[in-house]
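These notes concern the structure reproduced below.
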Amino acid sequence: MKDTLQTIQERISANIYDQSRELSEAEIRELIKDATQSPSSFNMQNWRFIAVTDPDKKRKLQALAYGQQKVAMASATFIVLGDLQGYKKLPEIGQRSVRAGILEEKIVNGWKDMAEKMYGDNAQMQRDEAIRSGSLAAMTLMLAARARGLATGPMIGFDPEGVKREFNISDRYVPVMLVTVGYADAGKNWLRKPRLTPEEVLLYNDGGGFEK
């Protein structure tokens with residue numbers, strides 16, 4: 001396993017994968033176990049994942065991703081979903097923390113009431129929170145994969161409604177992104193592209209210095 005900073009600094013978005021190497025179901029489950037360590041509002045954990053490994057299913061997903069070859073080349077392509085109604089699971093999820101002795105019952109009940117007020121009748125907040133949580137989990141998934149020697153590629157170039165139809169996803173869930181995961185084909189991917197410097201992206205205490 002690589003250390004955290006090395007993992008962050010080495011990660012690239014891969015486009016070309018070694019198609020001769022697969023990921024086992026056990027390896028995929030370990031990656032998702034890592035991804036679920038991500039934070040979420042009220043700990044509602046409103047992310048879900050579909051691992052697409054079957055070659056025919058990957059080709060169908062590739063077609064819905066405007067033909068991008070990495071979807072079919074990768075060992076697995078994950079459909080990362082956000083649960084628009086994740087707040088409804090808070091009573092069940094909160095009880096796990098109560099039983100573990102981490103939270104008191106009254107705190108869990110307070111969170112449930114607050115979440116219902118925040119999200120219950122607010123479709124925009126539901127969608128924002130689903131995408132926030134799904135994005136955090138996707139990033140954790142990518143870093144976990146890199147730490148295990150794998151390459152990844154996050155993607156927003158796909159037909160979300162088509163993906164929902166093809167993979168029987170209900171309207172309760174919003175497709176946040178696709179993440180390809182596998183073994184990079186050595187020497188065939190771009191090197192890590194330069195990043196903006198801290199001086200270009202960081203201000204202290206006031207946002208007035210950014211471009212208007």
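What's counted below: heavy atoms across the whole structure, side chains too, no hydrogens, waters or symmetry copies.
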Shared hydrophobic cluster for [X] and [Y] (ILVMFWY, side-chain gaps under 4.5 Å):
X: M155; Y: M73; result: no
X: F78; Y: Y66; result: no
X: I50; Y: V80; result: no
X: L141; Y: V163; result: no
X: L178; Y: L81; result: yes

Q: Mind running salt bridge (Lys or Arg N to Asp or Glu O under 4.0 Å) on R192 and E10 for me, showing each step along the way?
A: CA-CA 7 Å; R192 185 172 177 81; E10 286 185 357; over 6 Å; no
Any chance the side chains of [X] and [Y] put a donor and an acceptor closer than 3.5 Å?
X: E129; Y: Y119; value: yes
X: Q124; Y: D128; value: yes
X: S40; Y: S133; value: no
X: Y183; Y: S75; value: no

Can you measure from [atom1] ([X]) to [atom2] ([Y]) and round to the nearest 0.5 angstrom?
X: R11; Y: R146; atom1: CZ; atom2: CZ; answer: 10.0 Å
X: L136; Y: I131; atom1: CG; atom2: CD1; answer: 12.0 Å
X: L150; Y: R21; atom1: CG; atom2: CZ; answer: 8.5 Å
X: L61; Y: F167; atom1: CG; atom2: CZ; answer: 4.5 Å
X: I107; Y: E105; atom1: CD1; atom2: CD; answer: 10.5 Å
X: I32; Y: Q37; atom1: CD1; atom2: CD; answer: 11.5 Å

What is the minimum heavy-atom distance between [X] and [Y], and which atoms define it?
X: V181; Y: A74; answer: O-CB, 3.5 Å
X: P91; Y: K112; answer: CG-CD, 3.2 Å
X: F49; Y: A35; answer: CZ-CB, 3.9 Å
X: V108; Y: L90; answer: CG1-O, 4.4 Å
X: G120; Y: Y87; answer: CA-OH, 3.5 Å
X: A145; Y: T152; answer: CB-CG2, 3.5 Å

With a 4.5 Å cut-off on side-chain heavy atoms, are [Y] and [X] touching?
X: E104; Y: V98; answer: no
X: I93; Y: F42; answer: no
X: T77; Y: V179; answer: no
X: M177; Y: M139; answer: no
X: F210; Y: L203; answer: yes
X: V176; Y: W47; answer: no
X: K60; Y: V52; answer: no
X: Q45; Y: K89; answer: no

Tell me whether [X] is salt-bridged to [Y], with the criterion being a basic N under 4.0 Å from an acidic carboxylate O.
X: D185; Y: K188; answer: yes
X: K88; Y: D83; answer: no
X: K164; Y: D171; answer: yes
X: R29; Y: E25; answer: yes

Quick check: does any side chain N or O of [X] sit under 3.5 Å from a backbone N or O of [Y], one acting as donor and the other as acceptor?
X: E200; Y: T197; value: yes
X: E30; Y: A26; value: no
X: R195; Y: K193; value: yes
X: N189; Y: I16; value: yes
X: Q62; Y: A72; value: no
X: Y17; Y: T180; value: yes

Q: Count the heavy atoms belonging to other residues, nucleotides or ligands that lie under 6.0 Å from CD of Q95, then report whether that count exceeds 12.
A: yes
Q. Does atom CG of D121 have more than 12 heavy-atom neighbours from other groups under 6.0 Å away?
A. no
Q.
Before you tell me yes or no, could you show the steps for Y204 and L202 under side chain to side chain contact (heavy atoms under 4.5 Å, CB included), namely the whole-Å CA-CA distance, both residues' side-chain angles and the distance that decides it to 0.1 Å?
A. CA-CA 7 Å; Y204 282 93; L202 174 65; 4.0 Å; yes
Q | Full working for side chain to side chain contact (heavy atoms under 4.5 Å, CB included) between V71 and F158 | A | CA-CA 11 Å; V71 172; F158 63 96; over 6 Å; no
Q.
Go through it in stages, so that I can follow the logic: the residues are I28 and T53, the test is side chain to side chain contact (heavy atoms under 4.5 Å, CB included), and I'd like the CA-CA distance, side-chain angles, deciding distance and then a yes or no.
A. CA-CA 10 Å; I28 288 172; T53 59; 3.6 Å; yes
Q) After noting the C-alpha distance and the side-chain angles of E166 and K57, does the key distance pass the side chain to side chain contact (heavy atoms under 4.5 Å, CB included) rule? A) CA-CA 9 Å; E166 180 64 40; K57 288 287 188 181; 4.1 Å; yes
